[in-house]
Amino acid sequence: MKLGKLLSKSAGLCLASMVLMLSGCATSYKVDPELVSQFKPEATPTEEQTFVYVIRGSNFTGAARGLWVAANENVVADLSNGSHALLKLDSGINSVHLVQGLAGIGFAKVDNRPGETVYLAIDYVKGETKEVEHDLGATMVMKTSKAKGIGAPRKNDAYDNLLVNPSLLGFPIMKEADQPINADDDSAVINFYRMETLIGKVPFDIWSEQGYVGSTTSGTYFQVRVKPGKHTFVALSERYSVLEANVEAGKEYVVEFDVDMGWNQAHVQLLPMDAAKSAKTISKWQAKAKLMAVDPQVLEQDTFKQRLEMGEAYLKQQYQKIEKGELASRELVGSNGVL
């Protein structure tokens, strides 16, 4: 086993053990009718606005660590333990999440909610942000203090990752595939396997020069049919991973989507494999991995389509850097495939 992977898994085990030891110290909130009756919203949204209370309940785990609150491209609030912030957003497509260091966590979408006030509660231990109903939200606001303002909004350091990984927002993009697809005289098939278990439930997405390709979670793989010739695939977490694939018609190819610990967040890699030389490994993967496929109905959802358009616009700049050789890449060559 590589030293990097050994250290990554050890770090993951230590983190998991710490969470188990400390998670029992979290405050459990329940609706308090008296507090609900006393609650007065800080402000009322217009029909062109959506207001969002982001609430960080008191929790021993991570109590000393601050959390930035990001709305789309900007960081707009700083939440200490046991505090809340009110975000006044324009109604429409809104992505709200937390930022710690440079890494985004607890992603949530608040789309097309004109005139509404939404309550988002943070579970620090699980790294999740979930919407709660009004009475519980009002109770939590009353039991927490108002966060101090940060002045003017600043850049959201995790926004690039969100643009390239829209699946972080909980869209059910992938579904079980009906059956495998096969290469033919006019096409090649590329299999993307993600078998590393580190943060296996966290999805990461893959794009090509033609647009969105699919999303990965641990223990799954999906297939892409492509025309023979050159294709460029991209994934992003801590930094970009670029794969230049030059494929031949009639052949099947395999790429490993590897996830390791990075300096500040997960480090993802698109690793080309020689399908013939790695046949035993691939056979083992195929026996236990679940074959997935992109759900076309999700692709057609307006809120997802708009995010794909934003992602494609952002990635155009990155593809220009790839063409200029400014981003390192790996190569999948025609001989790496099998008939």
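Fair warning: this is a prediction, and the values are worked out from it, not measured in the lab. Side chains are part of it too, since the values below use all heavy atoms of this structure and drop only hydrogens, waters and symmetry mates.
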Exercise. Salt bridge (Lys or Arg N to Asp or Glu O under 4.0 Å) with R239: which residues, sequence neighbours excluded?
Worked result: none
Exercise. Excluding sequence neighbours, so at least two apart, what forms salt bridge (Lys or Arg N to Asp or Glu O under 4.0 Å) with K109?
Worked result: none
Exercise. Does some side-chain heavy atom of D205 sit less than 4.5 Å from a side-chain heavy atom of L168?
Worked result: no
Problem set entry | From CD (E300) to CG (D295), nearest 0.5 Å | 10.5 Å
Problem set entry | Smallest separation among heavy atoms of A188 and A183, with atom names | CA-CB, 4.1 Å
Show me the donor-acceptor pairs within less than 3.5 Å that the side chains of residues 320-339 make with the rest of the protein, sequence neighbours left out.
residue, atom, partner, partner atom, Å
R330, NH2, Q269, OE1, 2.7
N336, OD1, V333, N, 3.1

For this session: Check the pair S95 / R307 against side chain to side chain contact (heavy atoms under 4.5 Å, CB included), numbers first and verdict last.
Result: CA-CA 10 Å; S95 302; R307 287 185 169 88; 3.2 Å; yes
Exercise. Does E309 have any salt bridge (Lys or Arg N to Asp or Glu O under 4.0 Å) partners at least two apart in sequence or in another chain, and if so, which?
Worked result: none
For this session: Measure up the W285 and Y193 rings against each other and bin them: parallel (under 30°), tilted (30 to 60°), perpendicular (over 60°).
Result: tilted
Exercise. So do the side chains of N94 and N72 get within less than 4.5 Å of each other, counting heavy atoms only?
Worked result: yes
Exercise. Got a second to check how far L67's CG is from T129's OG1, nearest 0.5 Å?
Worked result: 8.5 Å
Problem set entry | Note, L163 side chain near L236 side chain (heavy atom, < 4.5 Å) | no
For this session: With the side chain counted from C-beta on, respond yes when I282 and M273 share a heavy-atom pair under 4.5 Å apart, and no when they do not.
Result: yes
Taking distance alone, no hydrogens or angles, what donor-acceptor pairs closer than 3.5 Å link side-chain atoms of residues 34-51 to residues at least two apart or in another chain?
residue, atom, partner, partner atom, Å
E34, OE2, Q38, NE2, 3.4
S37, OG, E34, O, 2.6
E42, OE2, K146, NZ, 3.0
T46, OG1, E48, N, 3.2
T46, OG1, Q49, OE1, 3.4
Q49, OE1, T46, N, 3.1
T50, OG1, R113, O, 2.7

Exercise. Quick one: do Y29 and V52 end up in the same hydrophobic cluster if we chain Ile, Leu, Val, Met, Phe, Trp and Tyr together by side-chain heavy atoms under 4.5 Å apart?
Worked result: no
Exercise. In terms of the angle between their ring planes, are F304 and Y212 parallel, tilted or perpendicular, with boundaries placed at 30° and 60°?
Worked result: perpendicular
Exercise. Residues two or more places apart in sequence or in another chain: which of them pass side chain to side chain contact (heavy atoms under 4.5 Å, CB included) with A177?
Worked result: L291, A293
Exercise. Looking only at heavy atoms, which two atoms of V298 and P172 are closest? And how far apart?
Worked result: CG2-O, 3.3 Å
Problem set entry | Intermediate values then yes/no, side chain to side chain contact (heavy atoms under 4.5 Å, CB included), M261 and H267 | CA-CA 6 Å; M261 293 287 285; H267 173 46; over 6 Å; no
For this session: Answer with yes or no whether the hydrophobic clustering places V69 together with L86; edges join I, L, V, M, F, W, Y residues whose side-chain heavy atoms lie under 4.5 Å apart.
Result: no
Exercise. Do T144 and H84 meet the criterion of a side-chain donor-acceptor pair at a distance under 3.5 Å?
Worked result: yes
Problem set entry | Pair N191, Q223: side-chain N/O donor-acceptor within cut-off below 3.5 Å | yes
For this session: Answer yes or no: does atom CG of D184 have more than 12 heavy-atom neighbours from other residues, nucleotides or ligands under 6.0 Å?
Result: yes
For this session: Measure the shortest side-chain to side-chain distance between Q265 and V202 over non-hydrogen atoms and say whether it is less than 4.5 angstrom.
Result: no
Problem set entry | Heavy-atom neighbours of E133 CD exceed 12 at 6.0 Å | yes
Exercise. Is any side-chain heavy atom of Y119 closer than 4.5 Å to a side-chain heavy atom of L136?
Worked result: no
Problem set entry | Same cluster (ILVMFWY, side-chain, under 4.5 Å), V132 and F107 | no
Problem set entry | Minimum side-chain heavy-atom gap L299-L308 below 4.5 Å | yes
For this session: Search all heavy atoms of V96 against all heavy atoms of V54 and return the closest pair with its distance.
Result: CG1-CG2, 4.2 Å
Exercise. From H134 NE2 over to T117 OG1, what is the distance, rounded to the nearest 0.5 angstrom?
Worked result: 8.0 Å
Exercise. Are L87 and I55 grouped together when hydrophobic residues (ILVMFWY) are joined by side-chain heavy atoms under 4.5 angstrom apart?
Worked result: no
Exercise. Which atoms form the tightest heavy-atom contact between I173 and S167, and what is the distance?
Worked result: CD1-CB, 3.4 Å
For this session: Calculate, to the nearest 0.5 Å, the distance between atoms CZ and CZ belonging to F233 and F257 respectively.
Result: 13.0 Å
For this session: Looking only at non-hydrogen atoms, find the nearest pair between S218 and M195 and report the distance.
Result: OG-O, 3.9 Å
Exercise. Taking R194 as the fixed residue, which of T216, D258, T217, T220 is the one that meets the side-chain hydrogen bond (donor to acceptor under 3.5 Å, both in side chains) rule?
Worked result: T216
Problem set entry | Expected output: side-chain Y253 to main-chain E248 donor-acceptor under 3.5 Å | yes
Exercise. Judged by atom type as modelled, is there a donor-acceptor pair below 3.5 Å linking the side chain of E196 to the main-chain atoms of D260?
Worked result: no
Problem set entry | I93 CD1 to K305 NZ distance, which is reported to the nearest 0.5 Å | 12.0 Å
Exercise. Going by heavy atoms in the side chains, are R56 and N81 under 4.5 Å from each other?
Worked result: yes
Problem set entry | Distance, nearest 0.5 Å, that separates OG of S283 from NZ of K288 | 11.5 Å
Exercise. Do H231 and S208 pass the side chain to side chain contact (heavy atoms under 4.5 Å, CB included) test, and can you show the C-alpha distance, the side-chain angles, and the key distance before you say yes or no?
Worked result: CA-CA 7 Å; H231 302 275; S208 78; 5.6 Å; no
Problem set entry | Same apolar cluster (I L V M F W Y, side chains within < 4.5 Å links), V247/V254 | no
Problem set entry | Pair V242-T232, side chain to side chain contact (heavy atoms under 4.5 Å, CB included): steps then yes or no | CA-CA 7 Å; V242 180; T232 302; 3.9 Å; yes
Seminar exercise, completed: Note: P228 and A249 closest approach over all heavy atoms is CB-N, 3.7 Å
